[in-house]
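Report on one structure; see the data block that follows.
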Protein chains: 2
Amino acid sequence: MSGRTVTITEVARHAGVAVSTVSYVLSGKRTISAGTRRRVLDSIDALGYHPHAGARALASKRANVIALVLPLRAGMHVPVLMRFASAVVTAARRYDHDVLLLTADEGTDGIRRVAASALVDAFVLMDVELDDNRVPLLRELAEPSVLIGFPAEPAGLTCVDLDFAAAGGQCVAHLAERGHSRIALLGAPAVVYERGTGFARRTREGFVAAVAAHRVAGVALPCEETFDEVYATLARLLRDQPDLSGLVVHNEAAVGHVLSALRQLGRRVPADVAVVAICPDDVAERASPALTSVLIPAEEVGREAVRLLMEKLDGRTVPDATLLAPHLALRAST
Amino acid sequence: MSGRTVTITEVARHAGVAVSTVSYVLSGKRTISAGTRRRVLDSIDALGYHPHAGARALASKRANVIALVLPLRAGMHVPVLMRFASAVVTAARRYDHDVLLLTADEGTDGIRRVAASALVDAFVLMDVELDDNRVPLLRELAEPSVLIGFPAEPAGLTCVDLDFAAAGGQCVAHLAERGHSRIALLGAPAVVYERGTGFARRTREGFVAAVAAHRVAGVALPCEETFDEVYATLARLLRDQPDLSGLVVHNEAAVGHVLSALRQLGRRVPADVAVVAICPDDVAERASPALTSVLIPAEEVGREAVRLLMEKLDGRTVPDATLLAPHLALRAST
DNA sequence: GGGGAGTGTCGAAGCGCTTCGATGACCGGC
DNA sequence: GCCGGTCATCGAAGCGCTTCGACACTCCCC
């Protein structure tokens, strides 16, 4: 079983056919009679054969591996990243591909290296910034790629993401429908906006647009992630706008602090202040009270990114932009 | 630059040497004169040559890729995992290896598959359980492996981890020195203990042993991760033991809730209750007040795991167990 | 000054797979 | 009963690299 490695030659001998026949059974690129196919497949699992990945890559010019490039930076929300990563791996396996993990340490050199050495066939980039230095490189590379998130200039690239503008808008619409006429958005830390991270900005834009459309009063603020800062921000907000009754929180690390701070400020949720979060479901469910939220559909985004990548690998053309619709889950906080 | 792929043959022609000479320059397995080496290296970067990973793997029987196996389960603290992962990638690159990401979805089949297909040379397993079904498989595989965490029966395996028993003990010692004579450990959710996760149990054992050694009163409780459960647990604890003045928290997701709950229960930190956490530094620093903590040295663990793996790949023998000493950082909460 | 003992380099044989062109066998139509 | 056309299979030529044995030099000691 786990003895010496079994080669295609041994399978061929065992099944009494030529090596090429075994190869064609495996790839399905030529017609093979049912009988022969059966015999070959039986030999394959009698011997426990697995094709040698390197040999296959060499002969076929396809490694059947994709690279997942994930920078790990401050302010990024790690659990979400991890769920993306997991979704990408699972999806890739469904297309018979494996996933090589690349981090930011090596920068663009890492991308160049694995592309040039034919270690991978294609790239999935996560946590894309508006002005991302990996983007020009990707443009000049022959290997196809899909970005999770949108850079400032996405022309000619394939990008997938949650439609954050719609998500921001949906939160406003929800609060407006519930009769709240003065609301606020607590967003990412200021540094994230400055870095130009797309999803933070687009949520804010969606929020601002929806506030206008629904004729409610709304203000968008960045929000640091320590309890003290959250408390201070909320205290100021509620002092200046005592009739504020709706809050949109788009900052996963701060949601817990927001609820604690409201508690300490003597505001009940949802009786005094309704809260909607944009965050993963598990965070929303674990909070108390459980939060009405727009979830970040990590699994769906990952799956879609891989699907698009496989289309491109097969030479098909795919749409530049894929925006996944937000979905609001009602819970106790509104 | 990013044109057709450059092969070793072209490098050899460009430098006016044999293909094998180029190979020896690259591998250093035979002596090459300084002049020839220079000429070859110059040609290599004049042409932008990168060895073809598949061809290399085929000829040398080494893929220069290691697999990182990380199950993604409930109760696991994801940001920590991610830091391990990142550390492993960085460390692997220093040994000129890349990292293939494997998740739990495929179970042991995935491990078997990538080993048999020679996609990877070795394995790093994360989040190892006391009774882990991947462990027997690893034992029968020819490829070396290193586990991050300890299974129940670690004989013959190479394992690396923070010394959690020492960490638990160190927290107790710290509180005891500060004069607290009645303390409690809030640990992982009950399900984590039931699953037999090693680090949770070992922390508890270290806590219990240290409590006895320091002659203080101490109780260890599992701790769920919702605010309401944390609140209820603490309320009960403080009602039954009003003179409880020290708390060890070994549950990253719950630390925030613990502090909120103490606030609501009218206990000041550290004046009424001193709190020590076992968690990553960033979590401890972001809490308010900042928590005295034993950090989980993810980078160090990842680096050490890879170092041991490379030793094994080179045929050297390494110690079975590597326990990294805990390090307590003093902050405002004690 | 002839015989080892290095040094530095080359050529060729694989590594395990895919793929192309060739070869039979078999079929129906005239 | 011969011809063109499928269908199923085979053999061989690579893919780009490593590695082994061979070879030609140089050096130095007796």
Side-chain angles (χ1 to χ4, degrees), chain A residues 3-41 43-44 47-65 96 113-121, chain B residues 3-41 43-44 47-65 96 113-121:
Chain A
R4 220 194 64 286
T5 162
V6 182
T7 72
I8 198 173
T9 311
E10 302 171 46
V11 174
R13 186 171 329 135
H14 187 274
V17 300
V19 163
S20 51
T21 303
V22 176
S23 178
Y24 287 124
V25 166
L26 253 20
S27 70
K29 294 194 179 175
R30 286 201 181 170
T31 51
I32 296 287
S33 68
T36 306
R37 161 177 288 108
R38 254 280 50 86
R39 250 177 322 127
V40 169
L41 292 176
S43 297
I44 283 177
L47 301 179
Y49 168 70
H50 288 263
H52 187 289
R56 184 174 263 200
L58 180 57
S60 70
K61 313 198 156 309
R62 276 295 201 89
N64 273 31
V65 175
D96 199 31
R113 180 177 57 80
V114 298
S117 66
L119 238 186
V120 308
D121 304 319
Chain B
R4 218 194 65 284
T5 161
V6 182
T7 72
I8 197 172
T9 311
E10 303 171 44
V11 174
R13 188 171 328 134
H14 187 275
V17 300
V19 165
S20 50
T21 303
V22 177
S23 178
Y24 286 124
V25 166
L26 253 20
S27 69
K29 294 194 179 176
R30 285 203 183 172
T31 50
I32 296 286
S33 67
T36 306
R37 160 179 288 108
R38 253 281 48 87
R39 250 177 322 127
V40 169
L41 292 176
S43 298
I44 284 178
L47 301 178
Y49 168 69
H50 287 264
H52 187 290
R56 184 173 263 201
L58 180 56
S60 71
K61 312 197 156 314
R62 276 296 200 89
N64 273 31
V65 175
D96 199 31
R113 180 176 58 80
V114 299
S117 66
L119 237 186
V120 308
D121 304 319

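Here is the naming used below: chain letters follow the sequence lines, and residue numbers restart at 1 for every chain. Note that the structure is a prediction, hence the values are computed from the model and not measured.
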Using five base pairs at each end to define the local axes, how bent is the helix from C/dG1-D/dC30 to C/dC30-D/dG1, to the nearest 10°?
50°
Could you give the [atom1]-to-[atom2] distance, from [X] to [N], as a whole number of Å?
X       : N      : atom1 : atom2 : result
A/Arg56 : D/dG16 : CZ    : C1'   : 18 Å
B/Ile8  : D/dG14 : CD1   : P     : 19 Å
A/Lys61 : D/dC15 : NZ    : P     : 7 Å
A/Leu58 : D/dG14 : CG    : C1'   : 9 Å
A/Tyr49 : C/dG16 : OH    : C1'   : 7 Å
A/Glu10 : C/dC15 : CD    : P     : 11 Å
A/Leu47 : C/dG16 : CG    : P     : 14 Å
A/His52 : D/dG16 : NE2   : C1'   : 13 Å

Any chance you could lay out the side chain to side chain contact (heavy atoms under 4.5 Å, CB included) test for B/Thr5 and B/His52, step after step, and finish with the verdict?
CA-CA 9 Å; B/Thr5 161; B/His52 187 290; 5.6 Å; no
Do the side-chain N or O atoms of A/Ser33 get closer than 4.0 angstrom to the phosphate oxygens (OP1, OP2) of D/dT9?
yes
Determine yes or no for a side-chain-to-main-chain donor-acceptor pair under 3.5 angstrom, with [X] supplying the side chain and [Y] the backbone.
X        : Y       : result
B/Arg39  : B/Ala15 : yes
A/Asp121 : A/Ala63 : yes
B/Asn64  : B/Asp96 : yes

Report yes if some heavy atom in the side chain of A/Val65 is under 4.5 Å from a heavy atom in the side chain of B/Leu119; otherwise report no.
yes
Under the side chain to side chain contact (heavy atoms under 4.5 Å, CB included) criterion, do A/Val22 and A/Val17 qualify, and how do the steps go?
CA-CA 7 Å; A/Val22 176; A/Val17 300; 3.8 Å; yes
Would you list the protein and nucleotides 19-21 of chain C atom pairs, both N or O, that sit under 3.5 Å from each other?
from, atom 1, to, atom 2, distance (Å)
C/dT19, OP1, A/Lys29, NZ, 3.4
C/dT19, OP2, A/Lys29, NZ, 3.1
C/dC20, N4, A/Tyr24, OH, 2.6
C/dG21, N7, A/Arg30, NH2, 3.3
C/dG21, O6, A/Arg30, NH1, 2.2
C/dG21, O6, A/Arg30, NH2, 3.2

Dump the intermediate steps for side chain to side chain contact (heavy atoms under 4.5 Å, CB included) on A/Leu26 and A/Ile44, then the final yes or no.
CA-CA 10 Å; A/Leu26 253 20; A/Ile44 283 177; 3.5 Å; yes
Which is more 5' along DNA chain C, the nucleotide nearest B/Ala34 or the one nearest A/Gly54? Just name the residue.
B/Ala34
At under 4.0 Å between heavy atoms, what does A/Thr31 touch on the DNA or RNA strands: base, sugar-phosphate, or nothing?
base
Minimum heavy-atom separation for B/Ser117 to A/Pro51, with atom names?
CB-O, 3.2 Å
For B/Ile32 and B/Val25 the tightest heavy-atom approach is CG2-CG2, 3.9 Å
